[in-house]
Amino acid sequence: MQRKLIALDLDGTTLNDQSEISNRTLQTIQRLRKDGHIVSIVTGRPYRNSYYYYKQLELDTPIVNFNGAWLHNPSQKSWDHGYHKTLSKDLALSMLSLKDNPEVQLIAAESQTAIYIEGQYVPYPDFFPEGIHMSRQLRPEILLEDPTSVGVFTTTRNFQPEIEQKIIDTYKNSVEVRMWGGNTPCLEVVAAGVQKAMGLERIARYYHFAREDILAFGDQENDYEMIQYAGHGVVMSNGSERLQSISNDITRHSNHEDGLAEYLENYFKL
């Protein structure tokens, strides 16, 4: 089969409901890499809590973090085909007002190397891989750099539309708002124009892939442009109906039932 570029979302797609890569998924991806296909992670997560999966999969390819705001290659520090888009620190600090909503459990401003928080909520077990004590307070005297993103975490998705609309009404066209997190709802705010397809397109250009030779897998609204861009966009059976409506295909099983591995095995006839 023609060599393919395979773009993988993490939460709700590659990871099961325990935020783990199953043995079947791991073995399937390793076999595809051995067969010459290119696999890249394209995630809403920061690198600080996605590097474990990058290493587990033994990847040496570029990775897209923060829903497209940062493209880099951890295996090549001198790789100069990436980019990094940031928000102003003043905008990030102004978002502290969202904490007035009782449904907002955590506001987290992230840079490439640090996390600044308001709240003590832990969205998922490896959100603070080195412990919450390693984070910094989201305060004007402490946040001295322009962050890559600001994540607004809630305990349920029920109030996300209301919070998202407030962000849009306040900041208008200066930001993009993306939802991700699988069972851990997050509204992530990044610079205007940032989305996953921007990073995936850059990776495809680097490896000289035509769009028809790109497979992308996702499950949530933050995967929308990536699924649209890929020649073959696949949405998980547990994915949103809106995303499924624009996909080329839907997996038979969910992320917790090895849906990704099963689809890849059948597609590539492994």
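Numbering of residues begins at 1 and proceeds along the displayed sequence.
A donor-acceptor distance shorter than 3.5 angstrom exists from the side chain of Y83 to the backbone of G68, with no hydrogens or angles considered. A donor-acceptor contact shorter than 3.5 Å is absent between the side chain of E20 and the backbone of D17. The main-chain N or O of L98 is never found under 3.5 Å from a side-chain atom of N101 such that the two would form a donor-acceptor pair.
Remark: E176 engages no residue in a side-chain hydrogen bond (donor to acceptor under 3.5 Å, both in side chains) (not counting sequence neighbours). Listed by chain and residue number, K166 satisfy the side chain to side chain contact (heavy atoms under 4.5 Å, CB included) test with T170 (two or more places apart in sequence, or in another chain). By the salt bridge (Lys or Arg N to Asp or Glu O under 4.0 Å) test, K89 is found to be paired with no residue, residues two or more places apart in sequence or in another chain being considered. Remark: F66 pairs with no residue by the ring pair (Phe, Tyr, Trp, His ring centres under 6.0 Å) rule, at least two apart or across chains. Legend: residues meeting side-chain hydrogen bond (donor to acceptor under 3.5 Å, both in side chains) with R202, ordered by chain and number and at least two apart, are absent. Qualifying ring pair (Phe, Tyr, Trp, His ring centres under 6.0 Å) partners for Y52, counting only residues two or more places apart in sequence or in other chains: none. In terms of the salt bridge (Lys or Arg N to Asp or Glu O under 4.0 Å) criterion, residue partners of E118 (sequence neighbours excluded) are, by chain and number, R139. Residues forming a salt bridge (Lys or Arg N to Asp or Glu O under 4.0 Å) with R242 (at least two apart in sequence, or on another chain): E221. Applying the side-chain hydrogen bond (donor to acceptor under 3.5 Å, both in side chains) criterion to E265, with sequence neighbours excluded, gives R24, T28. Checked against side-chain hydrogen bond (donor to acceptor under 3.5 Å, both in side chains), T43 has no partners two or more places apart in sequence or in another chain.
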Checklist entry - Please walk me through it: do D146 and H84 pass side-chain contact (heavy atoms from CB on, under 4.5 Å)? => result CA-CA 11 Å; D146 289 337; H84 181 219; over 6 Å; no

Item to check | Chi angles and distances behind the side-chain contact (heavy atoms from CB on, under 4.5 Å) call for L264, H37 | outcome: CA-CA 12 Å; L264 289 170; H37 302 290; over 6 Å; no

Item to check | Verdict with reasoning, N73 to S75, per side chain to side chain donor-acceptor pair (under 3.5 Å) | outcome: CA-CA 5 Å; N73 190 332; S75 70; 2.6 Å; yes

Checklist entry - When you look at L5 and L215, which way does the side-chain contact (heavy atoms from CB on, under 4.5 Å) test go after all the steps? => result CA-CA 6 Å; L5 170 59; L215 279 76; over 6 Å; no

Next on the checklist: What verdict does the side chain to side chain donor-acceptor pair (under 3.5 Å) test give for N65 and S50, after you've listed the backbone C-alpha separation in whole Å, the side-chain angles of each residue and the deciding distance to 0.1 Å?
Outcome noted: CA-CA 8 Å; N65 289 113; S50 55; 3.0 Å; yes

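Residues R178 and E225 are paired through a salt bridge, judged by an N-O separation under 4.0 Å between the basic side chain and the carboxylate. Look at D35 and R3 and you find no salt bridge, because none of the NZ, NE, NH1 or NH2 atoms lies under 4.0 Å from a carboxylate O.
Using a 4.5 Å cut-off on side-chain heavy atoms (C-beta onward), V194 and V175 make no contact. Between K99 and L96, the closest side-chain pair of non-hydrogen atoms is not below 4.5 Å. Using a 4.5 Å cut-off on side-chain heavy atoms (C-beta onward), I6 and F268 make contact.
Ring centroids of H253 and Y263 are separated by 6.0 Å or more, keeping the two rings apart. Aromatic ring centroids of W79 and Y206 lie under 6.0 Å apart.
Other members of the cluster containing M134 do not exist, because no ILVMFWY side chain is joined to it at under 4.5 Å.
E262 and N266 form no side-chain donor-acceptor contact under 3.5 Å, judged by distance and modelled atom types alone. Judged purely by distance below 3.5 Å, without hydrogens or angles, the side chains of N16 and N255 never pair a donor atom with an acceptor atom. For Y54 and T61, the side-chain atoms include no donor-acceptor pair closer than 3.5 Å.
The two residues G231 and N248 make their nearest non-hydrogen contact at O-OD1, 3.5 Å. When all heavy atoms of A191 and T86 are compared, the closest pair comes out as CB-O, 3.6 Å. G233 and S247 get closest at one heavy-atom pair: O-CB, 3.5 Å. Nearest heavy atom pair, residue P140 against residue L144, reads O-CD2, 3.9 Å. The two residues Q244 and G239 make their nearest non-hydrogen contact at NE2-O, 3.4 Å.
Few gaps surround NZ on K4; more than 12 heavy atoms of other groups in view lie less than 6.0 Å from it.
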Give the table of side-chain donor-acceptor pairs shorter than 3.5 Å for residues 106-115, with sequence neighbours excluded, one pair per line with atom names and distance.
residue, atom, partner, partner atom, Å
E110, OE1, R48, NE, 2.9
E110, OE2, R48, NE, 3.3
E110, OE2, R48, NH2, 2.7
S111, OG, T113, N, 3.3
S111, OG, A114, N, 3.0
S111, OG, A114, O, 3.4
S111, OG, E145, OE2, 3.0

